[in-house]
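Here is the structure we will look at.
Residue indices begin at 1 and follow the sequence shown. When a ligand or atom number is given, it counts from 1 through the structure's own listing order.
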Amino acid sequence: MPRDNKTPLIQKIAKKANVTFKTLKTSSNDDKNVFADKQSGLISLVTEVRAADLKIVPRKPAASSAAPGRENPPVTYMHICETDVFSMGVFLLNAGASIPLHDHPGMNGMLKVLYGKVSVRCYDKLQDGGAAPSQFEPPLAQSQVGSLRRSVLRSVAEYSDNSGPCLLTPVQDNLHQIDAVDGPAAFLDILAPPYDPDDGRDCHYYKVLQPAAQGEGTDGKSNEQQQVEEKEKDEEVKWLLEIPQPEDFWCVGEPYPGPTVSV
Ligand SMILES: [Fe+2]
């Protein structure tokens, strides 16, 4: 088959993302291998992409480290395309900027750094609610207890433009916090299906709670309770509190300068 060198890489990625995630949408459990095959093709294409493919000029560290304000949002977003199967765009982070811990309910995702470096902390929500510690630091109001989510810290990793994509699924690595490391950074973001609050896929923000120090004593806990707490420590179990969007984080749209994409 002749190589297709005329089609922009981002167009190939869009087409491949559409067929890949369409498979997932319509397939039964028996078709998991079909999805896996298509997904590995998509990962190969996404691994190749760099800022220049999207005509994005990396931000200068000095300009992007200015104090955040109306003229200098910490994060901007370039929308590339969206279908009912997936959405694709680019997040650009100033030096020191962070996209706070958030989720992608029922969604798959791929994050590929285009320039700079990011640190990604991924969490899984645990289905088993478990018993929350009796106290957190600072203490919770009774009304906040219903917003607690038991989770596990799944991974912490750094990604640069030479790294492959960071993946998330509806059940694994679905929550993440993304921090720019050592200067400004940008990444391509593919989500499937797209966020849609009318279909139960709204974005929620979280903060990680610290259990209040209990001292070295057993405080009258049963052996069983102590064993559970030790196991949770080993597994990096974290308690997350759903919070409103943090005030120091906001994201403003900016034009996408790259090749036109049609799906
Ligand atoms: Fe995300």
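A search for salt bridge (charged side-chain N to carboxylate O under 4.0 Å, His left out) contacts involving D37 returns nothing, not counting sequence neighbours.
The number of protein N/O/S atoms found under 2.8 Å from the Fe ion (ligand 1) is 3.
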Check residues 79-87 and write down every donor-acceptor pair under 3.5 Å in which the side-chain atom is one partner and the other belongs to a residue at least two apart or another chain.
residue, atom, partner, partner atom, Å
T83, OG1, N18, OD1, 3.3
T83, OG1, V85, N, 2.9
T83, OG1, F86, N, 3.2

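Judged by distance alone, the side chain of R150 and the main-chain N or O of L148 form no donor-acceptor pair under 3.5 Å. Side chain of D103 to main chain of H204: a donor-acceptor pair is present (N/O by atom type, distance under 3.5 Å, no hydrogens or angles).
A salt bridge is absent between K112 and D161: the closest approach of a Lys/Arg side-chain nitrogen to an acidic carboxylate oxygen does not fall below 4.0 angstrom.
For residues 239-262, every residue pair satisfying the salt bridge (Lys or Arg N to Asp or Glu O under 4.0 Å) rule, not counting sequence neighbours, is listed here: R59-E254, R149-E242.
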